[in-house]
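We number each residue from 1, following the sequence as shown. Ligands are counted one by one from 1 in listed order, and the atoms in each one are counted from 1 as well. Because only heavy atoms are used, hydrogens play no part in the values below, and waters and symmetry mates are left out as well, while side chains stay in.
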Amino acid sequence: MTDRYAVIGNPIEQSKSPLIHTAFAQVTGQDIEYTKLLSPLGEFAQTVDVFRAAGGRGMNVTAPFKLDAFAYATDLAPGAQMAGAVNAMKFEGDKVYAENFDGVGLVRDVVHNLGCPLQGRRILILGAGGATRGALLPMLAQGPAEVVIVNRTVAKAEELADLARQHQSASVPVRGVGYADLGGQTFDVVFNATSASLTAQLPPLSAAAFAPGCLAYELAYGKGLTPFLKLAQQAGVTRLADGVGMLAEQAAEAFEWWRGVRPDTAAVIEKLTVPLV
Ligand code: ATR
């Protein structure tokens with residue numbers, strides 16, 4: 001029998017998840033149907049209840065419901081706990097298992113697909129919202145030399161740094177600072193995890209922050225050369241990436257969690273790649 005999955009959000013038209021999971025199902029020979037599910041705002045739980053009652057096996061969760069899914073879950077994995085948000089659910093009887101694979105997907109893209117080990121590197125993360133929160137533990141697990149979180153609202157960066165220090169198993173130095181505090185410090189990998197790119201804005205980052213040979217990684221997907229990537233390029237950075245690989249890798253994590261088989265992501269990444277121009 002065909003097993004049913006969906007991605008739930010509002011809006012949902014833009015989601016690439018059905019395309020990705022359908023491609024994964026084809027190459028792995030899994031008999032699944034994966035659709036888009038538009039939930040009215042304020043009716044997340046009812047919409048999921050109906051999907052489960054009709055035999056739905058699992059869901060991805062996108063904006064604005066990642067916190068609703070956190071509240072709906074019966075069993076939160078550590079990654080979801082730390083992220084404070086859920087992007088994948090698995091339904092088994094009364095149980096709602098919940099995960100957040102965004103951070104793991106990001107790290108896998110950087111280390112595996114882009115061939116940039118994070119061990120021993122100096123990492124700078126722009127932004128202290130949900131995207132950063134989800135990425136912190138998987139990044140720290142790679143053993144970087146240090147992680148600096150920089151944010152306009154400095155208190156949020158400091159709070160996240162505290163949280164990361166409490167939860168990490170290693171003892172990587174983690175600091176939360178403001179943009180003006182960066183001084184002349186340079187970094188080997190710089191992630192833009194702010195929402196600034198969605199409105200074509202540039203965080204107030206000095207071009208001096210990029211160390212020679214640096215990787216500049218924009219977590220947003222499909223926006224081309226965002227102001228952040230342009231800044232990096234003008235600073236001489238040649239290794240530029242956007243979130244297409246992260247998108248594919250978090251999907252592969254969810255697919256493996258649901259189906260027990262890990263799909264290769266290369267074909268999907270190639271298909272979804274939007275040139276960085
Ligand atoms: P998400 O869940 O996508 O991370 P969020 O929780 O709303 O979204 O967080 C957005 C982040 O982008 C915040 O860190 C925000 O900075 P503030 O906390 O100071 O508001 C950051 N951000 C958004 N627009 C920005 C801009 N133009 N410049 C710098 N940072 C920006």
Chemist: List ligand 1 atoms under 4.0 Å from Gly130, heavy atoms only on the residue side.
Modeler: 1 (P), 2 (O), 4 (O), 6 (O)
Chemist: Is it true that Glu146 and Arg122 have a side-chain N and a carboxylate O under 4.0 angstrom from each other?
Modeler: no
Chemist: May I ask you to check whether Asn60 and Ser17 show a side-chain donor-acceptor distance below 3.5 Å?
Modeler: no
Chemist: Among Gly129, Ala131, Pro203, Pro64, whose heavy atom sits nearest atom 9 (O) of ligand 1?
Modeler: Gly129
Chemist: Got an N/O contact under 3.5 Å between Ser195 and ligand 1?
Modeler: yes
Chemist: Can you tell me which portion of Arg152 lies within the under-4.0 Å heavy-atom range of ligand 1? Options are side chain, backbone, both, or neither.
Modeler: both
Chemist: Closest non-hydrogen protein atom to atom 21 (C) of ligand 1, residue and atom name please, with distance?
Modeler: Thr194 CB, 3.7 Å
Chemist: Give the numbers and elements of all ligand 1 atoms closer than 4.0 Å to a heavy atom of Asn151.
Modeler: 13 (C), 14 (O), 15 (C), 16 (O), 17 (P), 18 (O), 19 (O)
Chemist: Mark up the atoms of ligand 1 that fall under 4.0 Å of a heavy atom belonging to Ala128, in ascending order.
Modeler: 14 (O)
Chemist: Relative to the heavy atoms of Gln201, which atoms of ligand 1 are at a distance of less than 4.0 Å?
Modeler: 27 (N)
Chemist: With the threshold set strictly below 4.0 angstrom, can you tell me whether any protein non-hydrogen atom sits that near atom 7 (O) of ligand 1?
Modeler: no
Chemist: Give a yes or no answer on whether the side chain of Lys90 reaches the backbone of Trp257 with a donor-acceptor pair at less than 3.5 Å.
Modeler: yes
Chemist: Which donor-acceptor pairs under 3.5 Å do the side chains of residues 98-111 make with protein atoms, sequence neighbours left out?
Modeler:
{"from": "Asn100", "atom 1": "OD1", "to": "Asp102", "atom 2": "N", "distance (Å)": "3.1"}
{"from": "Asn100", "atom 1": "ND2", "to": "Ala85", "atom 2": "O", "distance (Å)": "3.0"}
{"from": "Asp102", "atom 1": "OD1", "to": "Asn87", "atom 2": "ND2", "distance (Å)": "3.0"}
{"from": "Asp102", "atom 1": "OD2", "to": "Lys66", "atom 2": "NZ", "distance (Å)": "3.0"}
{"from": "Arg108", "atom 1": "NE", "to": "Glu249", "atom 2": "OE1", "distance (Å)": "3.1"}
{"from": "Asp109", "atom 1": "OD1", "to": "Asn113", "atom 2": "ND2", "distance (Å)": "2.8"}
{"from": "Asp109", "atom 1": "OD2", "to": "Tyr217", "atom 2": "OH", "distance (Å)": "2.6"}

Chemist: Tell me whether Arg52 forms a cation-pi arrangement with Phe91, defined as NZ or CZ under 6.0 Å from the six-membered ring centre and within 45 degrees of its axis.
Modeler: yes
Chemist: Does the plane of the ring in Phe44 sit parallel, tilted or perpendicular to the ring in Tyr72? Use 30° and 60° as the thresholds.
Modeler: perpendicular
Chemist: Where is the nearest protein heavy atom to atom 18 (O) of ligand 1: which residue, which atom, and how far?
Modeler: Lys156 NZ, 2.7 Å
Chemist: Considering the heavy atoms of Gly127, write down every atom of ligand 1 situated less than 4.0 Å from one of them.
Modeler: 14 (O)
Chemist: Please state whether the rings of Tyr34 and Tyr5 are parallel, tilted or perpendicular, taking 30° and 60° as the class boundaries.
Modeler: parallel
Chemist: Measure from atom 12 (O) of ligand 1 to the protein's non-hydrogen atoms and state whether any distance is below 4.0 Å.
Modeler: yes
Chemist: Record the part of Thr153 in heavy-atom contact with ligand 1 below 4.0 Å; permitted values are side chain, backbone, both and neither.
Modeler: both
Chemist: Give a yes-or-no answer on whether the side chains of Asp94 and Thr74 include a donor-acceptor pair shorter than 3.5 Å.
Modeler: no
Chemist: Using the side chain to side chain contact (heavy atoms under 4.5 Å, CB included) rule, pick out the option among Leu37, Thr62, Thr35 that qualifies with Ile12.
Modeler: Thr62
